[in-house]
Amino acid sequence: DTEVTQTPKHLVMGMTNKKSLKCEQHMGHRAMYWYKQKAKKPPELMFVYSYEKLSINESVPSRFSPECPNSSLLNLHLHALQPEDSALYLCASSQDWGASGGVQETQYFGPGTRLLVL
Amino acid sequence: QKEVEQNSGPLSVPEGAIASLNCTYSDRGSQSFFWYRQYSGKSPELIMFIYSNGDKEDGRFTAQLNKASQYVSLLIRDSQPSDSATYLCAVRPSTGRRALTFGSGTRLQVQP
């Protein structure tokens with residue numbers, strides 16, 4: 001089973017709203033990722049969590065706040081977003097991260113949350 | 001030079017033909033290479049990964065890796081209209097932050 005789930009599927013929010021995106025995996029993976037993808041562009045890495053610790057923050061604005069409550073869950077808290085933040089937000093997981101490569105670092109993506117900021 | 005380069009396409013092939021998708025990368029020490037398929041409006045789906053020079057086959061898909069030429073390709077045999085999608089090449093750099101680097105993707109159109 002290589003399933004990563006994400007909720008909600010769609011989200012519309014105003015610039016003053018606070019919302020959260022949720023990601024879950026039950027594959028025993030110890031690395032989880034948030035990506036942002038705009039139309040006709042590749043996924044753009046935002047954050048990497050390895051063993052529940054933040055390992056990479058790709059200079060993401062503070063209006064995006066990640067959280068990893070446990071090894072199966074990853075949240076992305078959103079606050080005071082801008083219309084240009086509208087995109088597909090993807091969560092991914094892998095067995096491991098930062099090792100020598102190989103099957104352990106194969107990333108599996110969830111279905112994504114399509115976010116529209118008005 | 002981009003770290004991972006792909007022709008954006010669209011690459012148009014007739015049904016039943018072989019589709020050949022190419023990807024070049026700049027980090028000579030890269031170790032792991034991944035191909036993802038992404039349908040419009042959907043998330044990327046892993047097709048194959050390859051680590052060793054040579055070919056790796058999985059059903060209608062064959063990944064080919066040539067580290068000396070810094071080149072990885074994906075062949076799709078007996079292409080079907082359902083193969084029409086964007087194919088993303090992803091490379092794990094050898095050093096540094098070790099996050100996957102994605103190419104911009106090649107759009108494949110299989111004509112019935």
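All of these numbers come straight from a predicted model, not from anything done at the bench. Quick note on labels: first sequence line is chain A, next is B, and so on, each numbered from 1.
Panel note: side chain B/S43, backbone A/G112; no donor-acceptor pair is recorded below 3.5 Å.
For a residue to count as touching a neighbouring chain, one of its non-hydrogen atoms must lie under 4.5 Å from one of that chain's; by this rule A/Q6 does not touch chain B. Neither the backbone nor the side chain of B/E45 comes within contact range of chain A; no heavy atom of the residue lies under 4.5 Å from a heavy atom of that chain. Contact of A/Y35 with chain B is made through the side chain alone, with heavy-atom distances under 4.5 Å.
In terms of hydrophobic clustering, with Ile, Leu, Val, Met, Phe, Trp and Tyr side chains grouped at heavy-atom distances under 4.5 Å, A/L76 and A/M15 are assigned to a common cluster. Hydrophobic cluster membership differs between B/F61 and B/L75, with clusters built from Ile, Leu, Val, Met, Phe, Trp and Tyr side chains linked at under 4.5 angstrom. The hydrophobic clustering, which links ILVMFWY residues whose side-chain heavy atoms are closer than 4.5 Å, places A/V4 and A/L21 apart. A/W34 and B/F102 fall into different hydrophobic clusters, where Ile, Leu, Val, Met, Phe, Trp and Tyr are joined by side-chain heavy atoms under 4.5 Å apart, directly or via other members. Note: the hydrophobic cluster containing A/W97 also contains A/L90 (ILVMFWY, side chain heavy atoms under 4.5 Å, direct or indirect links).
In this structure, A/F109 CZ and B/L46 CG are separated by 9.5 Å, a value rounded to the nearest 0.5 Å. Distance check, rounded to the nearest 0.5 Å: OG1 of A/T106 to OH of B/Y51 gives 3.5 Å. Within the model, atoms CZ of B/F34 and CD of A/E105 stand 7.0 Å from one another, a figure rounded to the nearest 0.5 Å. Summarising the geometry, atom CD belonging to A/Q107 is positioned 13.0 Å from atom CZ belonging to B/F49; distances are rounded to the nearest 0.5 Å.
Residues A/K40 and B/R107 form no side-chain contact, since every pair of their non-hydrogen atoms from C-beta on lies 4.5 Å or further apart. Looking at heavy atoms from C-beta onward, A/P42 lies out of side-chain contact with B/T86 at the 4.5 angstrom threshold.
In the displayed structure, A/K38 atom NZ is contacted under 6.0 Å by more than 12 heavy atoms of other residues, nucleotides or ligands. With a 6.0 Å radius and a threshold of 12 heavy atoms from other residues, nucleotides or ligands, B/K56 has its NZ atom above the threshold.
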